Amino acid sequence: MSEVRVRFPPSPTGYLHIGGARTAIYNWLYAKKHHGKLILRIEDTDADRSTQESIDGIIRGLEWLGIDWDEGPYFQTEFAADHIEKAERLLAEGHAYKCFCTKEELDAKREAAMAAKMQFGYDGTCRDLSAEKVAAHEAAGTPHVVRFKVPRKEGSVAYDDKVLGRIERKYSEIEDFVIVRSNGKPLYLLCNVVDDIRDRISHIIRGQDHMTNTTRQILIYDALGAKIPVFAHMPLTLDLKKAKISKRSHGEIVAVHFYQEHGFLPWALVNFLVLLGWNPGDDREFFSKEELIEAFTLERINKSASIFNYRKDDPKFFTDPKAISINAHYLRTMPVEELSPLVKEELVAAGLWDESYDNEKKEWFKKTLEMIRERFHTLKDFSAEGCAYFSDDFEIDEKALNKNLLKHPELQELLPQLADRFEALPELTAAEAERVAREFAEEKELKVGIPINASRAVITGQIKGPSMFELFEHFGREKVVARLRNAPKYFENS
RNA sequence: GGCCCCUUCGUCUAGUGGUCUAGGACGCCGGCCUCUCACGCCGGUAACACGGGUUCGAGUCCCGUAGGGGUCACCA
């Protein structure tokens, strides 16, 4: 069996979006699984819309996701001569012809056909032009495009799609499409095939929106005498209104960088995306890289489009709830050693990082992550909700303030008293803290939850969090006492 | 509109003619745990688009209808 070679060919006209990323992921998995190669090819022939910024963004996005490629990036524009040469060859061998119809004429015909409710395809005006007429047009300098000469015969062009099965399209339904513009520049349909042949691409895994291109491109492969690769058309990703997700109508939410900026773990995003239109055939939903590569097959890609379940303006779920839940799952189950550097990055960015967390407080830092991560959803939570764990400069959560503190005015006096008791202890352990706190509550005729939850508010700034007794020990006597004694200030301005 | 593709819980999906009173996950609801919130565990809610066939038997096969999507550029 020949080598598996797949490619990811983005056009650099914007950021990498999740649909593109998913295509890249599927190709990448397929290459890895079959010990093949993934080729990154930037399709930048649309000079007006291609930007360097976009190229950089796409590459950064792939790198962040952990999608590595084996060849490239190649740039389509660097192979312009090859594209032109192949176009000339098609012309010379009678697989294409020059068309002198102007865009205006064609538009008029198209409109007329529309008005008459007729279907319009190129009518073949120039298809069988005599050599004399062609020569005359050329002598007159009439601009022309090059059209592919679709065989006029019965039957269909067909191929076996790895996900959709056999696909057929009648020759008569395919019009003579343009492969070279009047300015001499070859178009996507041709360039793409020429590049795929040169790059020896064996499998083309792309979106179902390319299906009509595929039948036309197969014709080009044939005309060029090249072997037709295996095709696999992936289902599209739609939004809740069943519209194709796009940068234009959905904005940042579909951008890979959005997830990077919102504290996603790259692998969690990959895991979420791969499940959008594919499943392993069993109940597994979380995979290591190796497991995913092992499990992945083209045949298990679904045929139908899947919906990216995101509701605009939902305060609780800023993106698909499943994506968040997968991210949260990894956040609380991955080895802390792997999580630490990511949290560090987040804290550095938020100005909360202290060098001691890498040195004398390294173990404390890891323990902190262990304690707080299970209720977090993204890396952002470490700097937001987790702020008080890493810095003395934190804001108290409004709910915590109202519900756990201000509701019980007596706490203004009691919390500093509790601080005194802790201070008097030979050692502030979780067990000792619990004993003291319970005694204290009983003595003051309070439910133990009241001083405890108040302590949580004052020490962590939060209404929720790990067991408070353990936190007393974890924060250490000095901080605990200081923050408890600081409690009265919260009552002052209220 | 032509051509092509698709159609199982709100969402992601399992299901390749009997084991489907349709399974899992996310979400949602309830319970347990408990100093709070989570985690975890337990339980609940919720789907085969519709109509005809074929068959002893259909979510699974066929046809039709409806619905959805893609595509119809001198973009990629």
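If you're wondering where the values come from, they're calculated on a predicted model, not measured in any experiment. Here is how names work: the chains are called A, B, and so on, in the same order as the sequence lines, proteins then strands, and each is numbered from 1. Atom set for the values below is all heavy atoms of this structure, side chains included, hydrogens, waters and symmetry mates excluded.
At the phosphate of B:U13, OP1 or OP2 sits under 4.0 Å from a side-chain N or O atom of A:Asn302. Within the structure, every side-chain polar atom (N or O) of A:Asn279 is placed at least 4.0 Å from both OP1 and OP2 of B:U13. The phosphate of B:U71 has OP1 or OP2 within less than 4.0 Å of a side-chain N or O from A:Lys244. Residue A:Arg456 places none of its side-chain N or O atoms closer than 4.0 Å to OP1 or OP2 of B:U34. For the OP1/OP2 pair of B:G40 and a distance below 4.0 Å, the side-chain nitrogens and oxygens of A:Arg332 include at least one atom meeting the criterion. Of the side-chain N and O atoms in A:Arg373, none sit less than 4.0 angstrom from OP1 or OP2 of B:C37.
Between A:Thr45 and A:Ile452, it is A:Ile452 whose nearest contact on RNA chain B lies nearer the 5' terminus. Between A:Ala243 and A:Arg169, it is A:Arg169 whose nearest contact on RNA chain B lies nearer the 5' terminus.
Contact annotation: side chain of A:Asn213 to base of B:A76, donor-acceptor pair present below 3.5 Å. For A:Ser306 and B:C12, a side-chain-to-base donor-acceptor distance below 3.5 Å is absent, hydrogens and geometry of angles not being considered.
Distance A:Lys316 NZ to B:U11 C1': 15 Å, rounded to the nearest Å. Look at CG on A:Asn309: it is 17 Å from P on B:A25, rounded to the nearest Å. Between the CD atom of A:Gln76 and the P atom of B:A76 there is a distance of 8 Å, rounded to whole Å. Taking atom CG on A:Asp209 and atom C1' on B:G70, their separation rounds to 7 Å, with Å as the unit. The nearest whole Å value for the distance from the CD atom in A:Glu473 to the C1' atom in B:C35 is 17 Å. The interatomic distance linking A:Tyr188 (OH) with B:C74 (C1') rounds to 17 Å, in whole Å. Rounded to whole Å, the distance from CG on A:Asp195 to C1' on B:A76 is 12 Å. Going from atom CG of A:Asp176 over to atom C1' of B:C72 covers 15 Å, rounded to whole Å.
Within 4.0 Å of A:Arg300, counting heavy atoms only, lie sugar-phosphate atoms of the nucleic acid but no base atom. Residue A:Gly277 is classed as a sugar-phosphate contact, given heavy-atom separations below 4.0 Å to backbone atoms only. Contact annotation for A:Phe376: no contact, since no heavy-atom pair falls under 4.0 Å across all strands. Residue A:Val178 is in sugar-phosphate contact alone, with no base atom involved, counting any heavy-atom pair closer than 4.0 Å across all strands shown. Using a 4.0 Å heavy-atom distance criterion, A:Lys103 is classed as a base contact. Looking at heavy-atom distances under 4.0 Å, A:Pro466 makes contact with a base. Heavy atoms of A:Met211 sit under 4.0 angstrom from primed sugar atoms or phosphate atoms, though from no base atom. Note on A:Ser325: only backbone sugar-phosphate atoms sit closer than 4.0 angstrom, heavy atoms only; bases stay farther off. Backbone-only contact: A:Ile167 has heavy atoms under 4.0 Å from sugar-phosphate atoms and none from a base. Residue contacts shown for A:His210 include a base, since a base heavy atom lies under 4.0 Å away. As judged by a 4.0 angstrom heavy-atom cut-off over every strand, A:Leu275 is placed among residues touching the sugar-phosphate backbone only. Within the 4.0 angstrom heavy-atom criterion, only backbone atoms of the sugar-phosphate kind lie near A:Arg438; the bases stay farther away.
Summarising the base pairing, B:C33 is matched to no nucleotide, lacking a Watson-Crick or G-U wobble pair whose two defining distances lie under 3.5 Å. In this structure B:U16 sits in no base pair that meets the Watson-Crick or G-U test at under 3.5 Å. Both distances falling under 3.5 Å, in either a Watson-Crick or a G-U wobble arrangement, place B:G1 opposite B:C72. Judged by Watson-Crick or G-U wobble contacts below 3.5 Å, the nucleotide B:C9 has no partner. Pair assignment for B:A49 gives B:U65, based on Watson-Crick or G-U wobble hydrogen-bonding distances that are each under 3.5 Å.
Note: A:Phe258 and A:His262 meet the aromatic proximity criterion, with ring centroids under 6.0 Å apart.
In the model, A:Asn27 has no side-chain atom that pairs as donor or acceptor with a side-chain atom of A:Arg7 under 3.5 Å.
Within a 6.0 Å radius of CD in A:Glu443, more than 12 heavy atoms belonging to other residues, nucleotides or ligands are found. Heavy-atom neighbours of A:Lys444 NZ from other residues, nucleotides or ligands within 6.0 Å: above the threshold of 12. More than 12 heavy atoms of other shown residues, nucleotides or ligands fall within 6.0 angstrom of atom CZ in A:Arg300.
Each ring-ring contact (aromatic ring centres under 6.0 Å, His included) pair with one or both residues in residues 436-475 of chain A, not counting sequence neighbours, appears once here: A:Trp364-A:His474, A:Tyr389-A:Phe475, A:Phe422-A:Phe472.
Contacts of A:Glu43 classified as side-chain contact (heavy atoms from CB on, under 4.5 Å), with partners at least two apart in sequence or in another chain: A:Pro9, A:Arg41, A:Gln76, A:Tyr188, A:Asn192, A:Asp195.
B:C9 and B:G23 have their P atoms separated by 14 Å, with the value rounded to a whole Å.
Ring geometry, A:Trp278 versus A:Phe296: the interplanar angle falls from 30° to 60°, so the pair is classed tilted.
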